[in-house]
Amino acid sequence: MIREPAELRVDDSGRVEIPLGLLAEAGISPGTELLAFSDGDGRIVFRRAEDAVRDLLEDGRL
């Protein structure tokens, strides 16, 4: 759960900078491979690729 929300802005190239503290709280460090998908209702979900693959193999879901 995010403790302190961070306001982000999409730049003209469609990029967003995610604060390092937010990434660290999610267990994401430089070099981590991620999967990204839309969860509808304006949400984008980032999953560590290793977690998504494990869930897919164990439960058949991402």
Side-chain angles (χ1 to χ4, degrees):
M1 186 61 79
I2 298 173
R3 292 186 192 116
E4 292 187 31
E7 278 193 41
L8 309 175
R9 184 178 309 265
V10 179
D11 71 14
D12 292 336
S13 298
R15 294 179 295 218
V16 176
E17 287 188 20
I18 302 173
L20 191 56
L22 187 59
L23 293 172
E25 188 174 314
I28 298 169
S29 57
T32 301
E33 292 186 18
L34 302 173
L35 296 178
F37 55 92
S38 171
D39 197 24
D41 199 27
R43 291 181 296 235
I44 296 173
V45 176
F46 295 99
R47 298 263 342 252
R48 289 181 301 236
E50 64 187 72
D51 295 339
V53 169
R54 185 191 65 242
D55 288 350
L56 188 58
L57 293 172
E58 291 177 359
D59 304 328
R61 65 177 178 77
L62 291 176

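For reference, positions follow the sequence shown, starting with 1.
Atom CZ of F46 sits about 12.5 Å away from atom OG1 of T32, to the nearest 0.5 Å. Rounding to the nearest 0.5 angstrom, the gap separating the CD1 atom in I18 from the CG atom in L34 is 8.0 Å.
For D11, the side-chain hydrogen bond (donor to acceptor under 3.5 Å, both in side chains) partners two or more places apart in sequence, or in a different chain, are R15. Among residues two or more places apart in sequence or in another chain, the salt bridge (Lys or Arg N to Asp or Glu O under 4.0 Å) test is passed with D41 by none. The salt bridge (Lys or Arg N to Asp or Glu O under 4.0 Å) check on R43 picks up D39, with sequence neighbours excluded.
Side chains of D51 and R54 form a contact here, defined as non-hydrogen atoms less than 4.5 Å apart.
When all heavy atoms of P19 and L8 are compared, the pair lying nearest together is CD-CD2, 3.6 Å.
No path of Ile, Leu, Val, Met, Phe, Trp and Tyr side chains, each step under 4.5 Å between heavy atoms, connects I28 with L20, placing them in separate hydrophobic clusters.
Under a cut-off of 6.0 angstrom, the local environment of CD in E17 is sparse, with at most 12 non-hydrogen atoms contributed by other residues, nucleotides or ligands.
Checked by atom type and distance alone, the side chain of R48 pairs as donor or acceptor with a backbone atom of A26 at under 3.5 Å.
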